[in-house]
Structure formats: C-alpha cells, structure tokens
Number of protein chains: 2
Amino acid sequence: MPNPETRQFIERMGLAVERMGLTRTFGRLFGLLMVADRPLSLDEIVERLDVSKASVSTNARACEELGLARRVGVRGDRRDYYEIAPRAFESVTAKRVGAIHAMAGLAAEGLQAVGDEPSPARDRLTEMLDFYLFMGEQIEELLERWREVKG
Amino acid sequence: MPNPETRQFIERMGLAVERMGLTRTFGRLFGLLMVADRPLSLDEIVERLDVSKASVSTNARACEELGLARRVGVRGDRRDYYEIAPRAFESVTAKRVGAIHAMAGLAAEGLQAVGDEPSPARDRLTEMLDFYLFMGEQIEELLERWREVKG
DNA sequence: TAGAACGTTTAGTCAATACTGAACGCTTTT
DNA sequence: AAAAGCGTTCAGTATTGACTAAACGTTCTA
C-alpha cells in the first residue's frame, strides 16, 4: 500500500488542507485514512507518517472532533483504531455553513453599528447580510439534497 | 465614526477572518473598509488601525489581490485610496469554489493511486469525488442565481 | 503485584511568519 | 534644485503554534 502514487496523494492532501488553514500533518493524516484499506492504529499511523505519537494522538482526536474520522475497536485488541467517518464530507461542509452564518451575524452587528441613515457602509453591510443569508440557506439545501441522493 | 460599536465590529471581523486562516490585521482592514463611509488612504488606515504603514500597504494590496478591495483615486490627490470592491463576497466565494474543484481533482488522483479493485478506500474516494463535483457545480449555480437577482 | 502496553498530557524546542522601522525610489511642490 | 509626500521593499524582531520527547495515568497481562 505504500506505493508512490499513494504517498503523493497523502502529501498533496497535506498541502491542500494546509492551504485551508489547518496543518499539513493533519491533512496527511486525513489523506492516509482516506486511502487506507482498513482502520489504522496510532502506531501504524506513526510509522506511515513518520511523526511523533503525541502529534498523531492530538491530530487524530482533532480529526474525530471535526467529524472527519472516528475511533473504532478491533476485537481482541485494546488499541484505538481510526478510520474515515461516514458522511465525513457532509459534516465538514456543514461546519462551513456555520462559518457562513457567523458572517451573516457579523453583518447584522455591523448594521447596528453604522446606524440607520443611508450610507455606502450600510449598503455594503446589507449586501453582505443578504449574500450570506442566501448562501447559508441554499448550501444547507444542497446538503439536504445530497443526503437524499446518497444517504 | 470611531464609535465603540464600529470598533467592536472591526475587531470581530479580525477574529473571524483570522479563524479562516488569514491574519487578524487583514481582517481588521477589511472590517474597517466595510464600515467606512468613504475610501480611505493608507495613512488614515494606519491611524484607525494603529499598525505600521508597511503592514497596511502589504495587507491592502493583498486585499486588492483577493478581489475584496480596490484602489481608487481622488481628484486633486495623489494618494492611494482603498474601498471595498463591488461583488467582493461573490469573488471571494468564487475562490472557494476553486478549492472545491481542487478537492475533486485530488479525489480523482486518489482513485488512480488505489487501483481498480473494489475496496473501502475506493468507495471513500468515489464518494469524495462525487460530493465535491456536486458541490462545486451547485455552488457555481448559486452564484449565478445571486448575480441574476442582485447584479 | 510487578511490569508491559497504550494513549494522553506537558514542558520545551524550533520553524514559520506577520509586523515594525528604516531606507529607497519616484513624483510633486516650492 | 532641493525638499517634502507617498508607497514599497527589506532586514530584523517577536510572536505564534505545531511538533517532539519524556513523564504520567490507566488498563491489561504474566
């Protein structure tokens, strides 16, 4: 399984995730789990990624927190195993929708701040509010549709 | 205009933008431009944000690069003035769609890497590919619809 | 009950990077 | 032609934060 193409995929996932504001190691972990043909233990991840166990432990738990991975048990084994969570992409996208709502909330606060008189600032904030309300609502509907088709 | 609510808005925008992987100063600059009632010069921004002119210069240009702000001229004045660009939110969201396409591309590479035989990895990568193709396409349509309504 | 196996926590290190102050180049003014 | 105004660049600084190694607590095993 450690063929060159797979390694490259893991590495590119690391870079892609890093570009999104998370860390490269986190992205590599996610990439590794994506191409793994079975759940992996912490030590297996340590070996495949060549990072410390402490880092893997932290990142794996963060991955779980985000809904990207989940911990699974293996019969007759007391180690923790990790695998990609079902609906991982939906759940991470749902988190993004949360950020969109936050932007809408910020826009609303901005409108409070600039007062009632018409102004360019007011127009911009109104546009921001409308845009993020629209996007948040619509993307939620997209997720809904996706779940209907694939869920 | 430097009332407490406005200051708070700027500060929260700084934090929100920072959480998205950019810098706090960048977010504050964007927030300031959002609530400004006219284009601002570098020195005005320096004063309002209390950061060095070098930093403002760099961040303002980055803001322009991202399509969030634009430089405007003021008659009889040779300074640069900045204001929020029209369709700023559309353009930043369009950039996000680019990231979604990149994820789809990565999924395709992953499928190459894991080979043709059925496997959990293959299933996951296929789901990832389908999901991001769907989302990329649909969000582009959302932007289209938004432009029709507001553009 | 001692010891091994696991995962987590924490103190410390190191690298990345955003910001500052100063120098620079260009333009305008006097 | 000198000086002031303006934006940019660059070297240096400081802060942030991810990672490592070691200690720790807990659970299982011999």
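Note that this is a predicted model, so its numbers are computed, not measured. Labels below follow one simple rule: chain letters A, B, ... track the order of the sequence lines, proteins then strands, and each chain is numbered from 1.
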### Query
Can you check the B:Leu15 CG to D:dT16 P distance for me, whole Å?
13 Å

### Query
What is the distance, rounded to the nearest whole Å, between atom CZ of A:Arg28 and atom P of D:dA18?
14 Å

Distance-only donor-acceptor hits, side chain of residues 17-24 of chain B, under 3.5 Å, sequence neighbours excluded:
{"unit_1": "B:Glu18", "atom_1": "OE1", "unit_2": "B:Arg24", "atom_2": "NE", "d": "3.0"}
{"unit_1": "B:Glu18", "atom_1": "OE1", "unit_2": "B:Arg24", "atom_2": "NH2", "d": "3.0"}
{"unit_1": "B:Thr23", "atom_1": "OG1", "unit_2": "B:Phe26", "atom_2": "N", "d": "3.1"}

### Summary
Hits for side-chain hydrogen bond (donor to acceptor under 3.5 Å, both in side chains) against A:Glu11, two or more places apart or cross-chain, chain-then-number order -> A:Arg28

### Query
Got a sec, which pairs hit ring-ring contact (aromatic ring centres under 6.0 Å, His included) with one end in residues 67-125 of chain B, sequence neighbours left out?
A:Tyr132-B:Phe89

#### Entry: Sugar-phosphate, base or nothing in reach of B:Thr23, heavy atoms under 4.0 Å
sugar-phosphate

### Message
Filter on side chain to side chain donor-acceptor pair (under 3.5 Å), then keep only pairs touching residues 102-118 of chain A, sequence neighbours left out; what's left?
### Response
A:Glu109-B:Arg12

### Task
Might you work through the side chain to side chain contact (heavy atoms under 4.5 Å, CB included) test for A:Arg79 and A:Val74, ending with a clear yes or no?
CA-CA 8 Å; A:Arg79 282 175 291 184; A:Val74 169; over 6 Å; no

### Task
Could you state the atom-to-atom distance from CZ of B:Arg19 to C1' of D:dT16 in whole Å?
17 Å

### Distance in angstrom units between B:Leu49 CG and C:dA18 C1', rounded
14 Å

### Query
Rounded to whole angstroms, how far apart are CG on B:Leu29 and P on C:dA18?
14 Å

Atom pairs and distances, donor-acceptor, side-chain atoms in residues 141-151 of chain A, under 3.5 Å, two or more places apart:
{"unit_1": "A:Arg145", "atom_1": "NH2", "unit_2": "B:Gln138", "atom_2": "OE1", "d": "2.7"}
{"unit_1": "A:Arg147", "atom_1": "NE", "unit_2": "A:Glu90", "atom_2": "OE1", "d": "3.0"}
{"unit_1": "A:Lys150", "atom_1": "NZ", "unit_2": "B:Asp130", "atom_2": "OD2", "d": "3.1"}

#### Entry: Nearest-Å distance for atom pair CD/P, residues B:Glu18 and D:dG17
7 Å

### Task
Quickly work out the A:Arg24 CZ to D:dT20 P distance and round it to whole Å.
13 Å

### Task
Let me have a per-nucleotide readout for nucleotides 3-12 of chain C, 5' to 3', with B, S or -, counting only protein heavy atoms under 4.0 Å.
--BSSBB---

